[in-house]
Amino acid sequence: MVKRILHMIVIVCLCLIARQSHAQHSIYDTIPVHAFITPEGDTIPMGYLPDVSILYRLNARQKRYWTEWTRLRNAVYVTYPYAKAAGRIMNEINARLAGVTNKSERRKIIRSREKELRKEFTNKLTQLSIYQGKILMKLIYRETGNNCYEIIQEYKGSLTATVYQTVAFFFGTSLKQNYDPNGNDRDIETIVRDVERMYGMRG
């Protein structure tokens, strides 16, 4: 009797082991995993996560910063082509004036290109805002190495430069603005370089 019970227990255990063994080899045992091969040749598991959208509300200081940045960026985009063209003409004038000491001859050279400057830029520049005008003067310095006061003084004389400087003062600006790409004008320089890369205007 005892042997028969032991025999039945052994049979039950064998059946359970067989069922367990069968369950371990089901279709759910293997989970497919994407693989990624590293530059070194190693294969590692890789998975894809669903996209997540993160919404962030700007505070007052951040809104003010991005408003000012957008205004500056738009001003640079508008005025940089003018500064580039004006700088090219002024640099050509300076190259022709190099070594010319006769005042009459210098005036003749200046006037020959002054008409070109007036024709190309007068109507366009009168449409600029005061803020855009300030940015333009900085960009002209960037292109020529001289501020607008020095340029007017060279081309039109000290008296005219002083008069223009006085007018600029009443509009809250100055013709003597310099350009510091690594300091106060770092943001302008960043935007200018972006414009140059985008439109191939470097050089």
Does some side-chain heavy atom of [Y] sit less than 4.5 Å from a side-chain heavy atom of [X]?
{"X": "R71", "Y": "W66", "value": "no"}
{"X": "Y131", "Y": "L72", "value": "yes"}
{"X": "Q132", "Y": "T79", "value": "yes"}
{"X": "N147", "Y": "M137", "value": "no"}
{"X": "K84", "Y": "R88", "value": "no"}

When you measure from the side chain of [X] to the backbone N and O of [Y], does any donor-acceptor pair fall under 3.5 Å?
{"X": "R186", "Y": "N182", "result": "yes"}
{"X": "R106", "Y": "T101", "result": "no"}
{"X": "Q62", "Y": "N59", "result": "yes"}

Distance, nearest 0.5 Å, that separates [atom1] of [X] from [atom2] of [Y]:
{"X": "D187", "Y": "R73", "atom1": "CG", "atom2": "CZ", "result": "12.5 Å"}
{"X": "N178", "Y": "Y141", "atom1": "CG", "atom2": "OH", "result": "4.5 Å"}
{"X": "N102", "Y": "R107", "atom1": "CG", "atom2": "CZ", "result": "8.0 Å"}
{"X": "D185", "Y": "D180", "atom1": "CG", "atom2": "CG", "result": "6.0 Å"}
{"X": "N94", "Y": "T144", "atom1": "CG", "atom2": "OG1", "result": "7.5 Å"}
{"X": "I135", "Y": "R142", "atom1": "CD1", "atom2": "CZ", "result": "13.0 Å"}

Check the angle between the aromatic planes of W69 and Y65 and answer parallel, tilted or perpendicular using the 30° and 60° thresholds.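 W69 vs Y65 ring planes: parallel.
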Using a 6.0 Å cut-off, check whether atom CG of N91 has over 12 heavy atoms from anything other than its own residue. yes
Check this for me: I44, atom CD1, are more than 12 non-hydrogen atoms of other residues, nucleotides or ligands nearer than 6.0 Å?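 Yes, the 6.0 Å shell around CD1 holds more than 12 heavy atoms from other groups.
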Step by step, work out the side chain to side chain contact (heavy atoms under 4.5 Å, CB included) result for R197 and D194. CA-CA 5 Å; R197 285 192 298 268; D194 184 50; 4.0 Å; yes
Can you see which heavy atom on A83 is nearest to which on L139, and at what distance? CB-CB, 3.5 Å
Any side-chain donor paired with an acceptor under 3.5 Å for Y179 and E189?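 Side-chain D/A pair, Y179 to E189: present.
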Just one of I191, V192, T190 clears the side chain to side chain contact (heavy atoms under 4.5 Å, CB included) bar with I188, so which one?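 Of I191, V192, T190, side chain to side chain contact (heavy atoms under 4.5 Å, CB included) with I188 is met by V192 alone.
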